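All remarks here apply to the structure that follows.
Everything quoted here is computed from the prediction, not taken from an experiment.
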Amino acid sequence: MSKHSAVVIGSGPNGLAAAIVLAQAGLDVEVREAASVPGGAARTGELTLPGFLHDLGSAVHPMAASSPFFASLPLDRFGLRWIWSPAALAHPFDDGTVVTLERDIRATAAQLGIDGPAYRRLYEPFIEEWPTLFREVFRPLSIPRNPLLMARFGVRALRSCYRLTRRLFLHDRARALFAGSAAHSALKLEAALSAAFGLIIGGAGHAVGWPIAERGSQSITRALAAYFESLGGRILTNAHVHRLEDAGSPDLMLCDVTPRQFLALAAHRLKPSFRKLLARYRYGPGAFKMDWALRQPIPWAAKECLRAATVHLGGTIEEIAVGERDAWEGRPPHRPFVLLAQPSLFDPTRAPEGSHTVWAYCHVPNGWRGSAVNEIENQIERFAPGFRECILARAVHNTEAMQRWNENLVGGDVNAGALTPDQFWLRPTWRQYGTPLRGVYLCSASTPPGGSVHGMCGYWAAKRALASLIAQRD
């Protein structure tokens, strides 16, 4: 394999994962990144004031902590340090109480009253076999290697969040806790498959936790890039590829881009039928994101919120469902579900001593250009009166700004495509990673298993590409 070459377009976690797999196989690999620094959505910068480090995209990493590919790499030797807050998640309510997702499922269940036993019965079978479940779910569609486990998972995962929680839980606290995890999908909570995200995101909190990276998500990129370079790989920044021909003629080319970007790169070489398939690919709701530099920690009414790096702000499942439905159906946010991270409580490298950084976003219609500043801050104030008085500075990214700094976030969609049933199993087309072009593959979050920082899209795409290369050689 040493005589073969490969180019990877894009340096997000999936692009770097693909590059690493190819370099491990002995190929001469070059990564081309349009931005001035690698990382895609796993980047960190001083967005508000000097000395305040904010994650531009992803901030909390249960899927990275679960990823078997990441676990196979010596990333700690290249500077990656995970930090776990005492509780993975806090979900406050208007009465001043809170439910926290603890690593110990019994401690979480104890907060849910008569719903506690049902909560444990829901999650425990999957937590006990978490590595096996993750490997099954986070790979291309294929015959399960563990059919009994996947059948048990599928019976619950294929349902809507609304239907599953109504069937299992009697009270709002358990329903709301599950709904907050399910809402990471950006699906309507009445939609099929929305329960799958509640199971995976919530289950990860018990199985591996929801860690943050010391010094920000850029640390994940730095570690992946350093390991790749230790294998002899090269990363070129400020190297925008406008057409596939710009990257030369390597034996393999893997593109960490969504269908829209791939059409711009290769439409002139694609048959109309495949162009039509890519053009039909649907993007989901966008993200309206905010970052704050604070003079002190958020003054939560429920002090237990200070134990968690992640806080879900949305109240009941009914309220969360309305916010997610509005985003999906094209309505501006009124009382959105807000996902908030407060990393500096647990990582002092994020802000000057005594000060803090906070990261949050809500779902909005794809490409929406309005402002959700008041709506997001109102939701924080709802559960933390006096929050606005703590603000030193804020940075605001609407959907247009999100796409501007990362072209893969089309219309602000952080999942690189709507997670509807058809696009969950066959992303972005029936070819999955493949294209009609010889040696050219897709490896972004628009391919299986989808979004989040785990590298598995790049891993599987590279494995598919290598298998094809070997077959051609033989």
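Counting heavy-atom neighbours within 6.0 Å of R369 CZ, excluding the residue itself, gives a total of 12 or less. Enclosure of atom CZ in R388 by more than 12 non-hydrogen atoms of other residues, nucleotides or ligands within 6.0 angstrom is indicated. With a 6.0 Å radius and a threshold of 12 heavy atoms from other residues, nucleotides or ligands, R325 has its CZ atom above the threshold. Surrounding CD of E389 are at most 12 heavy atoms belonging to other residues, nucleotides or ligands under 6.0 Å away. The environment of CZ in R382 is crowded: more than 12 heavy-atom neighbours from other residues, nucleotides or ligands sit within 6.0 Å.
Across V98 and C305, no two heavy atoms sit closer than the pair CG2-SG, 4.0 Å. L73 and L224 get closest at one heavy-atom pair: CD1-CD2, 3.9 Å. The two atoms that bring F178 and C161 nearest to each other are CD2-SG, 3.8 Å, heavy atoms only. Across all non-hydrogen atoms, the minimal contact from Q423 to G417 is NE2-C, 4.1 Å. L419 and R427 get closest at one heavy-atom pair: CD2-NH1, 3.2 Å. Closest non-hydrogen pair, Q432 versus P140, comes out as OE1-CB, 3.7 Å.
No donor-acceptor pair under 3.5 Å is formed between the side chain of R120 and the backbone N or O of R106. Within the 3.5 Å criterion, the main-chain N or O of G315 finds a donor-acceptor partner in the side chain of H91. When atom types are taken as modelled, the side chain of T399 and the backbone of G412 share no donor-acceptor pair closer than 3.5 angstrom. Put simply, the side chain of T97 never gets that close to the backbone of F93: no donor and acceptor are under 3.5 Å apart. Between the S446 side chain and the S444 main chain, no donor and acceptor come within less than 3.5 Å of each other. In this structure, the side chain of T447 does not engage the main chain of Y433 through any donor-acceptor pair within 3.5 Å. Judged by distance alone, with hydrogens and angles left aside, the side-chain atoms of T48 form no donor-acceptor pair with the main-chain N or O of R394 at under 3.5 Å. At distances below 3.5 Å, not a single donor-acceptor pair connects side-chain atoms of R81 with backbone N or O atoms of A213. For the pair D291 (side chain) and H54 (backbone), a donor-acceptor distance under 3.5 Å is absent. When atom types are taken as modelled, the side chain of Y281 and the backbone of T258 share no donor-acceptor pair closer than 3.5 angstrom.
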Practice task
Could you please spell out the steps behind the side chain to side chain contact (heavy atoms under 4.5 Å, CB included) verdict for H334 and E375?
Solution key: CA-CA 6 Å; H334 171 61; E375 288 77 6; 5.8 Å; no
Exercise for the section: Give the intermediate values and the outcome of side chain to side chain contact (heavy atoms under 4.5 Å, CB included) for residues K289 and V414. Expected result: CA-CA 11 Å; K289 177 178 175 288; V414 297; over 6 Å; no
Practice task
Decide side chain to side chain contact (heavy atoms under 4.5 Å, CB included) for I220 and W82; before the verdict, give the C-alpha distance in whole Å, the side-chain angles of both, and the deciding distance to 0.1 Å.
Solution key: CA-CA 10 Å; I220 303 172; W82 292 119; 3.6 Å; yes
Practice task
Test E214 against S219 for side chain to side chain donor-acceptor pair (under 3.5 Å), laying out the working first.
Solution key: CA-CA 7 Å; E214 185 179 57; S219 296; over 6 Å; no
Practice task
List the steps, then state whether side chain to side chain contact (heavy atoms under 4.5 Å, CB included) holds for M456 with M63.
Solution key: CA-CA 10 Å; M456 299 304 294; M63 298 301 100; over 6 Å; no
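Residues R350 and I212 have side chains in contact (heavy-atom distance under 4.5 Å, counting atoms from C-beta outward). Within the 4.5 Å cutoff, no side-chain heavy atoms of V322 are placed close to those of R335. Counting heavy atoms from C-beta on, the side chains of H206 and L101 come closer than 4.5 Å. The side-chain heavy atoms of D256 and N408, taken from C-beta on, include a pair separated by under 4.5 Å. Side-chain contact between I380 and L313: present, with at least one pair of heavy atoms (C-beta onward) separated by less than 4.5 Å. The shortest distance between side-chain heavy atoms of C457 and P449 falls below 4.5 Å. Here the side chains of F126 and L149 are in contact, with some heavy-atom distance below 4.5 Å. The side-chain heavy atoms of P86 and F346, taken from C-beta on, include a pair separated by under 4.5 Å.
A centroid separation of 6.0 Å or more is found between the aromatic rings of F70 and H61. Aromatic pair H363/F337: ring centres not closer than 6.0 Å.
In this structure, CG on D115 lies 5.0 Å from CG on L170, to the nearest 0.5 angstrom. To the nearest 0.5 Å, the span separating CD on E377 from CD1 on I391 amounts to 4.0 Å. One finds the CD1 atom of I127 at 9.5 Å from the CZ atom of R103 (value rounded to the nearest 0.5 Å). Within the model, atoms CG of L278 and CG of L442 stand 7.0 Å from one another, a figure rounded to the nearest 0.5 Å. The CG atom of L112 sits 11.5 Å away from the CG atom of D172 when rounded to the nearest 0.5 Å. From R295, atom CZ reaches atom OG of S355 across 8.5 Å, with rounding to the nearest 0.5 Å.
A donor and an acceptor atom, one from each side chain of Q342 and W300, are located under 3.5 Å apart. Donor-acceptor pairing under 3.5 Å is recorded for the side chains of T44 and D55. Side-chain contact, Y459 with S67: no donor N or O sits under 3.5 Å from an acceptor N or O.
The aromatic rings of W292 and F387 lie perpendicular to each other, with more than 60° between the two planes, well past the 30° mark. The aromatic rings of W130 and F134 are tilted relative to each other, their planes meeting at an angle between 30° and 60°. Ring geometry for Y361 against W359 counts as perpendicular: the plane angle is over 60°, on a 0 to 90° scale with 30° as the lower cut.
Using a 4.0 Å cut-off between a side-chain N of Lys or Arg and a carboxylate O of Asp or Glu, R331 and E329 qualify as a salt bridge. Between E124 and R121, none of the side-chain N atoms (NZ, or NE/NH1/NH2) sits under 4.0 Å from a carboxylate O, so this pair counts as no salt bridge.
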